[in-house]
Amino acid sequence: MDGSNFQIARLTLPEAAAERLRTLIIEGELAPGARLNERELSERLGVSRTPLREAFRMLAADGLLVQLPNRGAQVVTLSADDVRHAFEVMASLEGLSGELAAERVTERDLVELRDLQAEMEKAHGQHDLPTYYRVNRTIHERINALAGNPILTQTFRTLNTRLHALRFRSNLVRAKWDLAVAEHRDMVEALAERDGPRLREILVRHLKAKLRAVLETMEAA
């Protein structure tokens, strides 16, 4: 059993169902505005309706679903202004994470991040976007953790949870995906050089590029 499956195996039924639903939302199988059919999802996820409804409540607390009186749950739809405002804050959080991480990163941390970068580039080369995004997400979370600031981490996770689906879809255009990979190489280099201001600048630029890609996708829809 690999690490991710082991982690899922340790979750409660509602937590495991919430994680599966989160992935379906991130990867676009449950699109913004989609109403969730309890019977279909119960069968698909192999859980009864009680843990499924608890999973709905968890995702509603994360801002991924809205629960409508007498109408069940629905995937949240963000407006262009919602997206713009969220990414502006996220860019600041990521930039601060990078600057603090550069002060505290160890050689062991760098080995781990380089291994993750290699894994991510392999997925990119194989056009495997789900695996790529999973590793990409881990890298950003690891940089945030290296900042060593629990309040920053809590705020980062709360907001980033709402943006995962948008960040995932920002890589659907190959040229933008290629650029994101190159920016990740620069992030690791800046960390290795303990260059906090440079890493902040790269991360802020990275998030602004994501924002532009997301807004372009929304305008084209």
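Scanning both residues, A86 and L163, for their nearest heavy atoms gives CB-CD2, 3.8 Å. In this structure, P51 and L13 approach most closely via the heavy-atom pair CB-CB, 4.0 Å. E38 approaches L52 most closely through the heavy-atom pair O-CD2, 3.4 Å. Minimum heavy-atom separation, L191 to V105: O-CG1, 3.6 Å. Considering every non-hydrogen atom in both G63 and V76, the closest pair reads O-CG2, 3.4 Å. Considering every non-hydrogen atom in both A73 and L65, the closest pair reads CB-CD1, 4.3 Å.
The local environment of CG in L68 is crowded, with over 12 non-hydrogen atoms from other residues, nucleotides or ligands closer than 6.0 Å. Annotation: R108, atom CZ; neighbour count of heavy atoms from other residues, nucleotides and ligands within 6.0 Å does not exceed 12.
Counting heavy atoms from C-beta outward, W177 and L172 have side chains that stay 4.5 Å or more apart. Counting only heavy atoms from C-beta outward, the side chains of L41 and F56 approach each other to under 4.5 Å.
With respect to E54 and R57, a salt bridge is recorded, a charged nitrogen being found less than 4.0 Å from a carboxylate O. Residues E193 and R198 are paired through a salt bridge, judged by an N-O separation under 4.0 Å between the basic side chain and the carboxylate. Salt bridge present: R142 and D109 bring a charged side-chain N and a carboxylate O closer than 4.0 Å. Look at E88 and K208 and you find no salt bridge, because none of the NZ, NE, NH1 or NH2 atoms lies under 4.0 Å from a carboxylate O. Ion pairing between a basic and an acidic side chain is recognised when a charged N comes within 4.0 Å of a carboxylate O; E29 and R44 show such pairing. Remark: E15 does not engage R22 in a salt bridge, criterion side-chain N to carboxylate O under 4.0 Å. Of the charged side-chain nitrogens involved, none lies within less than 4.0 Å of a carboxylate oxygen, so that E216 and R212 do not count as a salt-bridged pair. At a threshold of 4.0 Å, the pair E141-R157 does not count as salt-bridged, since none of the basic side-chain nitrogens sits closer than that to a carboxylate oxygen. A salt bridge links E94 with R167; the closest basic N to acidic carboxylate O contact falls under 4.0 Å.
Atoms CG and CG, on L199 and D186 in that order, are 10.0 Å from each other to the nearest 0.5 Å. Rounding to the nearest 0.5 Å gives a distance of 6.5 Å between CD1 of I25 and CG of L36. Note that the CG atom of L59 and the CD atom of Q67 stand 9.0 Å from one another [nearest 0.5 Å]. Note: L146 CG to L100 CG = 10.5 Å, rounded to the nearest 0.5 Å. Summarising the geometry, atom CG belonging to L96 is positioned 5.5 Å from atom CZ belonging to R200; distances are rounded to the nearest 0.5 Å. Here the CG-CD distance, from L116 to E121, works out to 12.0 Å after rounding to the nearest 0.5 Å.
Of the possible donor and acceptor atoms, none in the side chain of T131 sits under 3.5 Å from a partner among the backbone N and O of A123. Listed for the H124 side chain is no donor-acceptor partner under 3.5 Å among the backbone atoms of M120. Although no hydrogens or angles enter the test, the distance criterion places a donor-acceptor pair under 3.5 Å between the side chain of D82 and the main chain of S79. Q74 contributes no side-chain N or O that, together with a main-chain N or O of V66, makes up a donor-acceptor pair within less than 3.5 Å. The backbone N or O of Y133 sits nowhere less than 3.5 Å from a side-chain atom of N136 that would complete a donor-acceptor pair. Checked by atom type and distance alone, the side chain of S42 pairs as donor or acceptor with a backbone atom of V47 at under 3.5 Å. For the pair N37 (side chain) and R39 (backbone), a donor-acceptor distance under 3.5 Å is present.
Donor-acceptor pairing under 3.5 Å is lacking for the side chains of R169 and H164. A donor-acceptor contact closer than 3.5 angstrom is absent between the side chains of N160 and R137. The closest side-chain donor-acceptor pair between N144 and T153 falls under 3.5 angstrom.
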**Request:** Step by step, work out the side chain to side chain contact (heavy atoms under 4.5 Å, CB included) result for L215 and L211.
**Result:** CA-CA 6 Å; L215 291 177; L211 172 59; 3.7 Å; yes
**Request:** In sequence, state the C-alpha distance, the side-chain angles, and the governing distance for L152 and S97, and then conclude on side chain to side chain contact (heavy atoms under 4.5 Å, CB included).
**Result:** CA-CA 8 Å; L152 176 60; S97 295; 3.5 Å; yes
**Item:** side chain to side chain contact (heavy atoms under 4.5 Å, CB included) between F156 and M90, worked out
**Value:** CA-CA 7 Å; F156 170 91; M90 198 68 213; 3.1 Å; yes
**Prompt:** Checking side chain to side chain contact (heavy atoms under 4.5 Å, CB included) for the pair V89/T155: CA distance, chi angles, key distance, verdict?
**Reply:** CA-CA 10 Å; V89 175; T155 309; 5.9 Å; no
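Note: H140 and H206 have parallel aromatic rings, judged against thresholds of 30 and 60 degrees for the angle between ring planes.
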